[in-house]
Amino acid sequence: MTRTIESFNWFYTVFVCLVSIFITARGHDYGSECAQDIPHNVGFLPHRDNCSTNPITSSRVKKLRDLFDRNGIDAYLISTEDAHFRHRSSPHDSRLAAISGFPGSVGVAVVTRTRLVLWSDGRAFSAASESVDCEWELFRKGGPGVPTMTTWMKQELNGYVIGACPTYLSSVWWRNFETSFFNSRIQLKVIENDLVEEIWTDNRPPENSVTINALPTQFSGRSWQDKIRDMCTEMEKMGVDVLVISDLDESPWLFNMRSFEFGFRPHFFAYAIIDRQRNAARLYLHNHTSILTRKPSDPDIHITIKEHLNTDIHGNCLPKSTEKDGDYSGSCMVTDGGVQSCTVDTDACLQVREYDIKAVIEDIREVSSRPQTRKVWVSIFCNQAIYSAVPEAKIYQALTPVAMNKFIRNPVETKGMIESNYVDAAAAIRFFAKLENEIKQGKDWTVFQAFHDIANYRKQIPYFRSPAFRTLTGSGPSAAHLYNLPTRERSRRITTKEIFMQDTGGQYLNSGTTDLTRTFHYGTPTDQEKEIYTRVLMALVDMSKLVWPKGRTGHDIDAVARHHLWEIGMDYSHETGHSIGSYGGVTEGPAKISSSMSQFLSDVPFHASIFTPDENKYRFPDPSDIPLEDNVFLTAEPGFYQVGKIGIRLENVNRVQPVLGLKYQNTTQCRFLGFEPITLIPFEPNLIIYDMLSLPQIEWINGYHQTVLKKIVPILKDFKDDDAIRWVQERTQPIKR
């Protein structure tokens, strides 16, 4: 393989240079946000002699190699994962970026004594070619002729001892590497203390130190004490005595706490251990004594974490027998008038200890070693250090009961999600109405301005706390980027001559997370633009009015959204929908609507770039195989994108709910489910070819628009925004054939 690859070095170098020139030329035609991706027919970039070297990363590579002899290894494995299987969750944990300059969120590299080789997904491949040192060899997953990482390693590193830190590699991948190397002369060696962390002593960003706020039960709907009881019930069903919580979206939900440690996701670094037999729980937090006593940073929260968790200032369990205001514990009933009668439960408490992965591992090892401990439940996404701390006979590895319980919303969370999406839609409508009016008046607008301006309307909503993600905004060909993130310097104008698209969302204290996309044209669109938009709208409508038997999955219903595009030879390269958190992650497991188990965009799942099919023995669950249940919330977001030309997407958040009154429902035992859209924003009449719509589709759109008028116009009246009201009324006129 080495000789084959080297024989093509000259060809690839020349070809990539020509591609770069071509892309640059097109960039002048289409604007500074034009597509920069290297085409799919390029899968490998070898050592490059004509690029500069980064002295910082080169020095770190040398220091890393200097540690090989002391550790008895010939190579070292580095990924973008942190200790929680998050990819680059914080700059402090960007280990692969520190050693290579790699800018992407998904990548795995192997450093040998003489070579530097990195596998990345398609999104990062082009950017990596411009940012990593010349001596790095780059492989793009799914590229033509690209070997899997393990195939390359067995051919090129035969007889090597390859070191890896189990804290920063998932247990699933670790065991697959062991499977791959079992009959080879490669040895995978445990390096307890990560070597990158050992040499990364210069300019390493500090760990975040942010305030964690309690989430009152009036917003969470159930106390953390009751949630732990729920977890113990699920553990008992599975014959499990200990539950280890390592996924970063789980502790915030379980313990009713939120913190924006990772930008727009209200999560924080934490581990937790629940010991069912001893009726005990332990939570591990950074700077725990400070976090426990720190004044809340949220103006609507008036209780410290110490009080919330019933601990003393050191994190020791301190149960309270006196009743308190029901706002902060117990579970709640919900009526049309709001949250009512929160019950009180203050006796339960837990220990809080310092976030230290070695201490966590030791505690897991101790509780696992007890003779009375039958099984220990660990997440399917846990790292190898956690997995190996439990005796093999006692491991139960699966999606945790936290993941499945937070997936199905309680009444308070349901109410908060619906109300937040309504007011968020009103904020978006106010912005869209102003933007259209000013564009048609000839005022100068850029996508960067639009990216920022929509936030001003959300800030007027009392419970708004943060964007849900960095708003994606594009115009014309820049809308074709799935991740169209404008900057002040690279910002295309919004005009009446081309499509404008915005994907945006917000985080709300009352258990709401929103995610919406709308596409507009303020002038005279082409026939092709209108046909594609109409087909995307038809896809959204058909998905929205779909009825399916309970127990079906996102994989089962995905094709419903795609078939209108398939009819004319088009498709989109992302999931049709994803589950969404409640004041949580905008894409928060466990489910999605998709025909592929790919966790990341592009042509193939990333694991297929690492392992051959027979080596991929241990697998992450396919989110599209999770059954859809009552009171879960998912997006529906069909679209179409042609690089350098056009991008169209429509997206609503939907609540899954029972469907009754079907014609022959009494003849079957099946329960049926369907979607209730809670994103309520009119569609773009300027882009719709009405004759393409079927009568049921027209009826659905008319009904949807009536709901917009009923639910959103009163909110707009509260804001006294007459322009936005007129904008809605003009766009919700009944469609007639």
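As the structure is a prediction and not an experimental result, all values here were calculated from the model.
Remark: the backbone N or O of S379 is paired with a side-chain donor or acceptor of Q397 at under 3.5 angstrom. T635 contributes no side-chain N or O that, together with a main-chain N or O of V653, makes up a donor-acceptor pair within less than 3.5 Å. Looking only at distances, no side-chain donor or acceptor of E413 sits under 3.5 Å from a matching main-chain atom of G221. At least one donor-acceptor pair closer than 3.5 Å links the side chain of S171 to the backbone N or O of C382. Of the possible polar contacts, one joining the N213 side chain to the S297 backbone as a donor-acceptor pair under 3.5 Å is found. For D275 (side chain) and Q277 (main-chain N/O), a donor-acceptor pair under 3.5 Å exists by modelled atom type. Between the N287 side chain and the I291 main chain, no donor and acceptor come within less than 3.5 Å of each other. A donor-acceptor pair under 3.5 Å is absent between the side-chain atoms of T514 and the main chain of N421, judged by distance alone. Not a single donor-acceptor pair under 3.5 Å links the side chain of R276 to the backbone N or O of M235. H308 places a side-chain N or O within 3.5 Å of a backbone atom of N256 that can act as its donor or acceptor partner.
Across every non-hydrogen atom of A425 and L680, the tightest pair is CB-O, 3.5 Å. Residue D424 comes nearest to Y508 through the heavy atom pair OD1-OH, 2.7 Å, listed as atom of the first residue, atom of the second, then distance.
Between D241 and the choices K394, R374, K375, the salt bridge (charged side-chain N to carboxylate O under 4.0 Å, His left out) rule is met once, by R374.
Between R60 and D202 there is a salt bridge, with a side-chain nitrogen of the basic residue lying less than 4.0 Å from a carboxylate oxygen of the acidic one. A salt bridge links R229 with D226; the closest basic N to acidic carboxylate O contact falls under 4.0 Å. The pair R222-D230 counts as a salt bridge, with a side-chain nitrogen and a carboxylate oxygen less than 4.0 angstrom apart. We find that R265 and E588 are not joined by a salt bridge, their nearest charged nitrogen and carboxylate oxygen being 4.0 Å or further apart. In summary, E366 and R370 engage in a salt bridge, as defined by a charged side-chain N under 4.0 Å from a carboxylate O.
Annotation: K434, atom NZ; neighbour count of heavy atoms from other residues, nucleotides and ligands within 6.0 Å is above 12. Remark: N316 CG is packed, more than 12 non-hydrogen atoms of other residues, nucleotides or ligands lying under 6.0 Å away.
Counting only N and O atoms by type, the side chains of D453 and N456 include a donor and acceptor under 3.5 Å apart.
No side-chain heavy atom of N383 sits under 4.5 Å from any side-chain heavy atom of F85. Side-chain atoms of P216 and I301, non-hydrogen and from C-beta on, do get closer than 4.5 Å to each other. Residues H84 and D93 fail the side-chain proximity criterion, which asks for heavy atoms closer than 4.5 Å. Considering only heavy atoms from C-beta on, T473 stays 4.5 Å or farther from F448 through its side chain. Proximity of L169 to E81: side-chain heavy atoms (C-beta onward) are separated by under 4.5 Å at one or more points.
Taken from CG in D718 to CD1 in I461, the straight-line distance is 11.5 Å, to the nearest 0.5 Å. Annotation: the span from I273 atom CD1 to L350 atom CG amounts to 11.5 Å, rounded to 0.5 Å.
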| query | Given F381 and L399, is the side-chain contact (heavy atoms from CB on, under 4.5 Å) satisfied, shown in steps? | reply | CA-CA 8 Å; F381 302 106; L399 288 172; 3.8 Å; yes
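The side-chain tip of R465 does not point at the ring of F260 from less than 6.0 angstrom away and within 45° of straight on.
You'll find the ring centres of Y457 and F719 outside the 6.0 Å limit. Taking the six-membered ring for Trp and the full ring otherwise, Y271 and Y355 have centroids separated by under 6.0 Å.
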